[in-house]
Peer 1: 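Provided herewith is a single structure, encoded as structure tokens, for subsequent inquiry.
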Amino acid sequence: MKQLIAFLLIAFAFTACKKETDIEPGPLADRFAGTYKLSSFRYVDDTQKIEFPTLPMTANGTTISGKVTLTKKSDKTLDMTFLLTATGMDDESVTFEGVEVRQVGSEYGLFAEGSRIADVDGSSVIFNYSESNPKLEMAFVARK
């Protein structure tokens with residue numbers, strides 16, 4: 001009987017050990033940090049509307065392109081820097097500091113001040129933000 005108990009304890013010890021495939025994934029911020037190239041961009045406010053359904057694009061000798069950089073700040077937060085460039089013009093840049101990465105069901109979202117501003121999956125960032133007063137809409141898709 002003692003041998004059976006010893007055998008069961010040893011068998012249990014081997015099955016309880018973690019296998020390499022059971023290792024927990026790293027911090028969420030590590031999964032999504034990196035540089036993504038803009039593939040589309042839209043901006044609307046009370047005075048203007050800018051829409052580039054496909055980026056990069058060239059028209060009249062001007063090339064417009066951009067990128068989004070997600071920089072890890074902590075295990076669950078990133079800084080998101082958006083950069084839009086156009087030949088012969090000043091770059092436009094916006095940084096969202098301390099954006100929190102959260103898992104929502106099977107998806108991952110980027111949250112700023114409690115509001116979901118983007119979806120991220122490691123290969124793309126889909127950003128969509130709007131306000132009604134004053135009117136402001138900004139949306140883009142960026143891919144690695």
Side-chain angles (χ1 to χ4, degrees), residues 5-144:
I5 292 173
F7 174 77
L8 291 175
L9 287 174
I10 292 171
F12 177 76
F14 279 116
T15 59
C17 292
K18 283 191 170 196
K19 297 179 177 91
E20 286 186 37
T21 57
D22 293 339
I23 295 172
E24 290 294 317
L28 287 177
D30 287 342
R31 292 187 202 177
F32 307 114
T35 301
Y36 301 75
K37 294 180 182 181
L38 283 182
S39 59
S40 66
F41 175 74
R42 173 182 164 85
Y43 178 87
V44 178
D45 67 16
D46 288 330
T47 61
Q48 62 183 336
K49 179 178 180 179
I50 302 168
E51 199 159 2
F52 304 116
T54 304
L55 288 174
M57 69 171 280
T58 301
N60 301 324
T62 300
T63 300
I64 301 168
S65 63
K67 66 181 179 177
V68 175
T69 304
L70 299 178
T71 307
K72 179 182 176 181
K73 288 307 201 185
S74 74
D75 286 351
K76 293 184 179 183
T77 61
L78 302 158
D79 284 352
M80 179 170 63
T81 301
F82 166 84
L83 177 67
L84 189 64
T85 61
T87 308
M89 298 180 187
D90 291 337
D91 294 348
E92 293 293 329
S93 179
V94 177
T95 298
F96 301 87
E97 295 182 350
V99 176
E100 184 182 1
V101 182
R102 292 187 208 161
Q103 185 169 2
V104 181
S106 61
E107 301 175 348
Y108 294 91
L110 300 180
F111 290 78
E113 298 178 8
S115 296
R116 189 173 188 168
I117 59 170
D119 293 324
V120 63
D121 65 9
S123 64
S124 63
V125 176
I126 301 170
F127 179 91
N128 196 355
Y129 180 80
S130 65
E131 292 181 8
S132 56
N133 192 13
K135 182 178 182 177
L136 173 65
E137 295 176 26
M138 185 171 158
F140 61 78
V141 176
R143 303 190 192 291
K144 272 194 175 176

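Throughout, residue positions are numbered sequentially from 1 according to the sequence presented.
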Peer 1: In Å and rounded to the nearest 0.5 Å, what is the CG to CG distance from Asp119 to Asn128?
Peer 2: 9.0 Å
Peer 1: Please find the pair of heavy atoms, one from Ala86 and one from Thr62, that lie closest to each other, and give the distance.
Peer 2: CB-CG2, 4.2 Å
Peer 1: Mind listing the closest non-hydrogen atom pair of Ser65 and Pro56 along with its distance?
Peer 2: CB-CB, 3.8 Å
Peer 1: Can you tell me which residue pairs pass the salt bridge (Lys or Arg N to Asp or Glu O under 4.0 Å) test with a partner in residues 85-101, sequence neighbours excluded?
Peer 2: Glu100-Arg102
Peer 1: Is it the case that the side chain of Thr69 and the backbone of Thr35 share a donor-acceptor pair, with hydrogens and angles ignored and the cut-off at 3.5 Å?
Peer 2: no
Peer 1: State whether the side chain of Thr63 and the backbone N or O of Thr87 hold a donor-acceptor pair below 3.5 Å, judged by distance alone.
Peer 2: no
Peer 1: Specify the closest pair of heavy atoms between Lys76 and Ala29, including all atoms of both residues, with the distance to one decimal.
Peer 2: N-CB, 4.3 Å
Peer 1: Roughly how far, to the nearest 0.5 Å, is the CZ atom of Arg31 from the CG atom of Leu70?
Peer 2: 14.5 Å
Peer 1: Locate the shortest heavy-atom distance separating Gly122 from Lys144; write the atom from each residue and the value.
Peer 2: O-CD, 3.4 Å
Peer 1: Between atom OH of Tyr36 and atom CE of Met80, what is the distance when rounded to the nearest 0.5 Å?
Peer 2: 11.0 Å
Peer 1: Look up atom CG in Leu78 and atom OG1 in Thr71, then write down how far apart they are to the nearest 0.5 Å.
Peer 2: 7.5 Å
Peer 1: Rounded to the nearest 0.5 Å, what separation is found between the CZ atom of Arg143 and the OG atom of Ser124?
Peer 2: 5.0 Å
Peer 1: Tell me, which pairs form a ring pair (Phe, Tyr, Trp, His ring centres under 6.0 Å) where one or both residues lie in residues 102-136, sequence neighbours left out?
Peer 2: Phe32-Tyr108, Phe96-Phe127, Phe127-Phe140
Peer 1: Rounded to the nearest 0.5 Å, what separation is found between the NZ atom of Lys67 and the CG atom of Leu55?
Peer 2: 14.5 Å
Peer 1: What is the minimum heavy-atom distance between Glu137 and Ser130, and which atoms define it?
Peer 2: CG-CB, 3.9 Å
Peer 1: Report the residues that fulfil side chain to side chain contact (heavy atoms under 4.5 Å, CB included) with Lys73, sequence neighbours left out, ordered by chain and then residue number.
Peer 2: Thr77, Asp79
Peer 1: Should we say atom CD of Glu131 is surrounded by more than 12 heavy atoms from elsewhere, each under 6.0 Å from it?
Peer 2: yes
